[in-house]
Trainee: 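Dropping a structure here in structure tokens format, bear with me for questions.
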Amino acid sequence: MVHALSRSYYAGYLASAIREESPWILEMRAGISLLATRNLEVKGRSARIGFVIYLGPSPDRPKVGRVDPIILISEEGEWRVIDSIWTLGRLAGGNIASAFAQNPLMLLDRSTARRILEEILPKIKETNIAKEGFVSELLSHATESTSIIGERPSKEIQKILIALIPYLYEREVDIRGKLNILLGGWAVEEFRKRFSVCLEAVRILEEEAQRRYDYFNQLVRIDEFISLREEEISLVGEEANVSQRISLGWIFYSLGRRPTGETFTKEYYNELGKRELEIWIDPQNVDEWKKIMFKVVKEIMREWILDRNALLEKEPEADFRSSILDRMVRSFYGEESKVSGSLEGFF
């Protein structure tokens, strides 16, 4: 459910989260995507100019995201689109492309953005034309570019987010996207005890994940469970529209080695499930968030266990042991409950 709030109120909460000055902090490992654009008019044409931040929980490139320019200039009912640093450099010059790489926020500064648009206009016909429907979709959320230029480590992206804070309040800048706020984190043993999850359930999770990570030659062992508040946001004018979900994920770590021989830790985030919230809970109400977080995490684990149970009943050859699933189900429903049918006596 989408909730309408005052932009200034939501911007204040989000700014505190970005600065880590509140109980809430951004969880970069689960990914973040933001689209920030300013509305301008240049030589009688409507334009949108800004940038896209995209950091996904990719096992191929952990802790690596992208920051790409996004510039749209109207032309006779259609739009010309610039969506890569390479195209920006070709039309506006290498100095501007290099300046953007150093400081993406320059495209949100009114006077700088206007100068860049005026520089681009004489060559704008060299870009691709996009229909109105495509542009509306492009401006509705952040998307990942396929360009090979523009990759940034997550630490740089975090610095860009801090620099973006003043624009969270500016009604002439539209900001849309998704981000994750950390609600709770547990080591494996702590998580098992708190949510009545047996060790075999953790092992099944690891076995399932091992198939996904085999081509990385990684041995999957869960190190941490985390619960997140995923917020889908749209800050337009003086209003903020926000929808909230609670998700449960887990992380495992492995060592990597750079070409220099230096070792470093790689973090792999995996989502287990999520629930959309129908009611708005004030971010200041920490106790209420803690209560609903525990409730939702338990629901997600219960559903995951029952799904595995149903899979085995349909496919007895599935690589799960009936005794394990029996204990998993009983941990939620009491000792009087037990699996039946094809599960009994299996293996």
Trainee: So, using salt bridge (Lys or Arg N to Asp or Glu O under 4.0 Å) as the criterion, who are the partners of E170 when residues are at least two apart?
Mentor: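 E170 satisfies salt bridge (Lys or Arg N to Asp or Glu O under 4.0 Å) with R38 once adjacent residues are dropped.
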Trainee: Contact between R302 and E299 at the side-chain level, heavy atoms closer than 4.5 Å - yes or no?
Mentor: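 Yes, at least one pair of side-chain atoms sits under 4.5 Å.
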Trainee: Which class fits the ring pair Y268 and F252: parallel under 30°, tilted 30 to 60°, perpendicular over 60°?
Mentor: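 Parallel: the ring planes of Y268 and F252 meet at under 30°.
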Trainee: State which residue, out of I70, I71, D83, fulfils the side chain to side chain contact (heavy atoms under 4.5 Å, CB included) condition with L88.
Mentor: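 Result for side chain to side chain contact (heavy atoms under 4.5 Å, CB included) with L88: I71.
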Trainee: Classify the ring geometry of W24 against W289: parallel below 30°, tilted from 30° to 60°, perpendicular beyond 60°.
Mentor: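 Judged by the thresholds at 30° and 60°, the geometry between W24 and W289 is perpendicular.
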Trainee: Can V173 be reached from I162 by stepping across I, L, V, M, F, W or Y side chains whose heavy atoms are under 4.5 Å apart?
Mentor: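 Yes, because I162 and V173 connect within a single hydrophobic cluster, where side-chain heavy atoms sit under 4.5 Å apart.
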Trainee: So, using side chain to side chain contact (heavy atoms under 4.5 Å, CB included) as the criterion, who are the partners of T87 when residues are at least two apart?
Mentor: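 I82, S84, R90, L91, T127.
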Trainee: Is it the case that one hydrophobic cluster holds both L182 and I233, taking links as side-chain heavy atoms less than 4.5 Å apart, direct or via other members?
Mentor: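 Different hydrophobic clusters.
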Trainee: Might you point out which heavy atoms bring V52 and L35 nearest each other, and give the distance in Å?
Mentor: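 Of all heavy-atom pairs spanning V52 and L35, the closest is CG2-CD1, 3.5 Å.
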Trainee: If hydrophobic residues (ILVMFWY) are linked whenever their side-chain heavy atoms come closer than 4.5 Å, directly or via other members, who joins Y9 in its cluster?
Mentor: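 Its cluster partners, ordered by chain and number, are none at all.
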Trainee: With sequence neighbours left out, what residues match K291 under salt bridge (Lys or Arg N to Asp or Glu O under 4.0 Å)?
Mentor: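 So K291 forms a salt bridge (Lys or Arg N to Asp or Glu O under 4.0 Å) with E288.
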Trainee: So, the side chain of R7 versus the backbone of L168: is there a donor-acceptor pair under 3.5 Å, distance only?
Mentor: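 Side chain of R7 to backbone of L168, a donor-acceptor pair under 3.5 Å: yes, one is there.
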Trainee: Assigning hydrophobic clusters by single linkage (Ile, Leu, Val, Met, Phe, Trp, Tyr; side-chain heavy-atom cutoff under 4.5 Å), is I226 placed with L272?
Mentor: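 Looking at the clustering, L272 is in a separate group from I226.
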Trainee: With sequence neighbours excluded, tell me which residues meet ring pair (Phe, Tyr, Trp, His ring centres under 6.0 Å) with Y167.
Mentor: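 Y167: no ring pair (Phe, Tyr, Trp, His ring centres under 6.0 Å) contacts found.
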Trainee: Check which hydrophobic residues are tied to M1 through side-chain heavy-atom contacts below 4.5 Å, counting indirect links as well, and list them.
Mentor: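 Members besides M1: none; it forms no cluster.
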Trainee: Any donor-acceptor pair under 3.5 Å linking the side chain of Q244 with the backbone of E232?
Mentor: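 Side chain of Q244 to backbone of E232, a donor-acceptor pair under 3.5 Å: no, none is there.
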Trainee: Which residue pairs pass the salt bridge (Lys or Arg N to Asp or Glu O under 4.0 Å) test with at least one member in residues 93-114, sequence neighbours excluded?
Mentor: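 Salt bridge (Lys or Arg N to Asp or Glu O under 4.0 Å) check on residues 93-114 returns R110-E172.
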Trainee: If you look only at pairs with a residue in residues 219-231, which of them pass as a salt bridge (Lys or Arg N to Asp or Glu O under 4.0 Å), with sequence neighbours excluded?
Mentor: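 Output for this query lists R29-E224, E206-R221, R229-E231, E230-R245, E230-K274.
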Trainee: Can you find a side-chain donor-acceptor pair between Y10 and N241 that sits under 3.5 Å?
Mentor: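 There is no such pair between these side chains.
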Trainee: Mind jotting down which residue pairs meet the side chain to side chain donor-acceptor pair (under 3.5 Å) criterion with at least one end in residues 180-190? Sequence neighbours excluded, please.
Mentor: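 Counting only pairs at least two positions apart or across chains, the side chain to side chain donor-acceptor pair (under 3.5 Å) contacts touching residues 180-190 are E189-R192.
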Trainee: Would you say CD of E238 has more than 12 non-hydrogen atoms from neighbouring residues, nucleotides or ligands within 6.0 angstrom?
Mentor: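 Not buried by this count: 12 neighbours or fewer within 6.0 Å.
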Trainee: What are the two closest non-hydrogen atoms of M28 and S154, and how far apart are they?
Mentor: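 So the two residues come closest at CE-O, 3.9 Å.
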Trainee: Could you tell me whether the side chain of L107 reaches within less than 4.5 Å of the side chain of T112, counting heavy atoms only?
Mentor: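 No, their side chains stay 4.5 Å or more apart.
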Trainee: I'd like to check N270 versus R212 (side-chain heavy atoms, cut-off strictly below 4.5 Å). Are they in contact?
Mentor: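 N270 reaches R212 side chain to side chain.
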Trainee: Under the ring pair (Phe, Tyr, Trp, His ring centres under 6.0 Å) test, which residues partner F100, sequence neighbours left out?
Mentor: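 Per chain and number, F100 pairs via ring pair (Phe, Tyr, Trp, His ring centres under 6.0 Å) with no residue.
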Trainee: Report the C-alpha distance between R45 and S74 in whole Å, list the side-chain angles of each, state the deciding distance to 0.1 Å, and finish with yes or no for side chain to side chain donor-acceptor pair (under 3.5 Å).
Mentor: CA-CA 6 Å; R45 297 189 185 187; S74 66; over 6 Å; no
Trainee: Can you sort out the partners of Y269 under ring pair (Phe, Tyr, Trp, His ring centres under 6.0 Å), two or more places apart, ordered by chain and number?
Mentor: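 Y269 satisfies ring pair (Phe, Tyr, Trp, His ring centres under 6.0 Å) with no residue once adjacent residues are dropped.
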Trainee: Hey, any chance L228 and L277 share a hydrophobic cluster, counting ILVMFWY side chains that come within less than 4.5 Å of each other, even indirectly?
Mentor: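 In one cluster with L228: L277, no.
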Trainee: Check ring pair (Phe, Tyr, Trp, His ring centres under 6.0 Å) between Y169 and all other residues, then give those that pass, not counting sequence neighbours.
Mentor: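 Scan of Y169 (ring pair (Phe, Tyr, Trp, His ring centres under 6.0 Å), adjacent residues dropped) gives none.
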